[in-house]
Amino acid sequence: MLALSCAWCASASADVVIMAFGEKIPPFCFPESDSGIELEVMRAALAYRGHTLKPRYYSFARIPVEFKAGEVDAAMTDLGEDMTAWGGYYGDPAVFYDNVFISLKERNLVIKKPEDLRGLKIISFVGAAKRYPEWLDEVKRQGHYFEQNNQALQVLTLNIGRYDVVLSDRNIFKYFTLQLKLNKAFHPKPIVEQSFVKFNPMDYRPVFRDPKIRDDFNAGLKQLKDNGKFNAIYQKYLGDKDKN
């Protein structure tokens, strides 16, 4: 009877969690198959205490809008906008994005301080300007800053010299480069990656509307890391080791 009672309680407290994810961010998210690093980590962490993930996909700019409107129960990120005022409870970092400046090697660009970007045309993922204002505000004022949701275009436009610098996660840029190379007409030029901020895992965290689901997610995420499944998910897509 005790076992049946516990099972019933677990079932009764389990929820379907509708969560907003961004489009076109392989290898972290593949909307067409509901797979990818981020989807698998979120799904497994929520399942630890019986919750079921139901992903919804939006352009990056729509993610905080949908959360604030109450259309979703959770969001993969806040895009640099604090969601606590909108009833958001932040979870522990689930995946890690290593954002760097990427330029063509032939340009010999050295970027160590914001002033080094002066006069350069930069293309980035949506929301980067909010996250890195000290680096990008001046570039925006000059009219040289552009955001693009389709990150394959970042690779293409850098390669042909339309932009001087790409701001992107290393793994996303590599993934799209490999995909474009499947087209024999695409010949990527050598690139240089330059780190510009100290890596902070707290820059990218999921946000939940229900504090209990947030707590359950955190417990599940810890379990994934303790039992090695977290690293296994990364290795499945990237072959990387020791991501926690």
Side-chain angles (χ1 to χ4, degrees), residues 1-57 63 67 72-79 83-84 88-100 168-175 178 195 197-244:
M1 289 294 292
L2 179 60
L4 287 172
S5 176
C6 289
W8 182 87
C9 289
S11 175
S13 63
D15 289 282
V16 173
V17 180
I18 300 173
M19 190 169 196
F21 288 89
E23 300 171 323
K24 300 177 182 178
I25 48 172
F28 293 96
C29 180
F30 296 91
E32 64 277 5
S33 58
D34 285 342
S35 63
I37 294 172
E38 195 155 13
L39 264 293
E40 291 202 21
V41 169
M42 296 290 190
R43 182 179 290 119
L46 286 168
Y48 176 64
R49 289 186 174 167
H51 303 299
T52 300
L53 176 68
K54 183 177 180 180
R56 286 187 183 171
Y57 303 100
I63 292 175
F67 185 86
V72 294
D73 306 312
M76 61 183 278
T77 181
D78 61 7
L79 278 186
M83 290 291 122
T84 54
Y89 296 87
Y90 283 86
D92 292 334
V95 296
F96 305 99
Y97 287 84
D98 190 5
N99 295 320
V100 295
S168 175
D169 168 74
R170 280 191 169 103
N171 289 318
I172 291 176
F173 192 90
K174 289 176 183 177
Y175 174 86
L178 291 172
S195 298
V197 291
K198 184 178 180 180
F199 175 70
N200 182 3
M202 305 307 282
D203 280 344
Y204 189 88
R205 295 180 291 160
V207 57
F208 299 87
R209 198 169 302 283
D210 186 331
K212 181 184 182 304
I213 292 177
R214 186 274 310 273
D215 293 344
D216 290 347
F217 168 82
N218 285 348
L221 183 62
K222 182 179 185 303
Q223 175 73 4
L224 285 179
K225 293 184 176 183
D226 289 345
N227 63 21
K229 291 183 178 179
F230 183 85
N231 281 338
I233 292 172
Y234 259 89
Q235 290 175 33
K236 174 181 175 181
Y237 289 91
L238 296 173
D240 289 351
K241 297 181 179 178
D242 299 327
K243 281 289 178 184
N244 70 346

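- Residues satisfying the side-chain contact (heavy atoms from CB on, under 4.5 Å) test with Ala75, not counting sequence neighbours, are Ala20, Ile63, Phe67, Val207.
- When the side chain to side chain donor-acceptor pair (under 3.5 Å) test is applied to Lys222, the partners found at least two apart in sequence or on another chain are Asp226.
- Under the side chain to side chain donor-acceptor pair (under 3.5 Å) criterion, Asp98 pairs with Arg170, not counting sequence neighbours.
- The side-chain contact (heavy atoms from CB on, under 4.5 Å) search around Tyr89 returns Pro211, Arg214, not counting sequence neighbours.
- Met19 has its side chain within reach of Pro206: a pair of non-hydrogen atoms, C-beta onward, lies under 4.5 Å apart.
- Side chains of Phe208 and Leu46 form a contact here, defined as non-hydrogen atoms less than 4.5 Å apart.
- Nearest heavy-atom pair across Ala94 and Phe230 is O-CE1, 2.9 Å.
- The side-chain contact (heavy atoms from CB on, under 4.5 Å) test applied to Ala219 returns Tyr48, Arg49, not counting sequence neighbours.
- Separating the CG atom in Asn200 from the CZ atom in Arg205 is a distance of 9.0 Å, to the nearest 0.5 Å.
- For Asp73, the side chain to side chain donor-acceptor pair (under 3.5 Å) criterion is met by no residue, not counting sequence neighbours.
- From Ile25, atom CD1 reaches atom CZ of Phe30 across 9.5 Å, with rounding to the nearest 0.5 Å.
- Interatomic distance, Leu53 CG to Ile18 CD1, rounded to the nearest 0.5 Å: 10.0 Å.
- Rounding to the nearest 0.5 Å places CD1 of Ile233 at 6.0 Å from CG of Leu224.
- From Asp215, atom CG reaches atom CG of Asp210 across 8.5 Å, with rounding to the nearest 0.5 Å.
- Minimum heavy-atom separation, Cys29 to Gly22: SG-O, 3.5 Å.
- With sequence neighbours left out, the side-chain contact (heavy atoms from CB on, under 4.5 Å) criterion links Thr52 to Val16.
- No side-chain donor-acceptor contact under 3.5 Å links His51 to the backbone of Ala14.
- Side-chain contact between Met76 and Phe28 is absent, with no heavy-atom pair separated by less than 4.5 Å.
- A distance of 9.0 Å separates CE in Met83 from OG1 in Thr77, rounded to the nearest 0.5 Å.
- In this structure the side chain of Phe96 reaches within 4.5 angstrom of the side chain of Tyr234, judged on heavy atoms.
- Phe21 meets the ring-ring contact (aromatic ring centres under 6.0 Å, His included) test with no other residue; sequence neighbours excluded.
- Here the closest heavy-atom approach between residue Ser195 and residue Val100 is recorded as OG-CG1, 3.9 Å.
- Pairs engaging residues 29-47 under the side-chain hydrogen bond (donor to acceptor under 3.5 Å, both in side chains) rule: Ser33-Ser35, Asp34-Tyr57, Glu38-Tyr97, Glu38-Tyr204, Glu40-Lys236, Glu40-Tyr237 [sequence neighbours left out].
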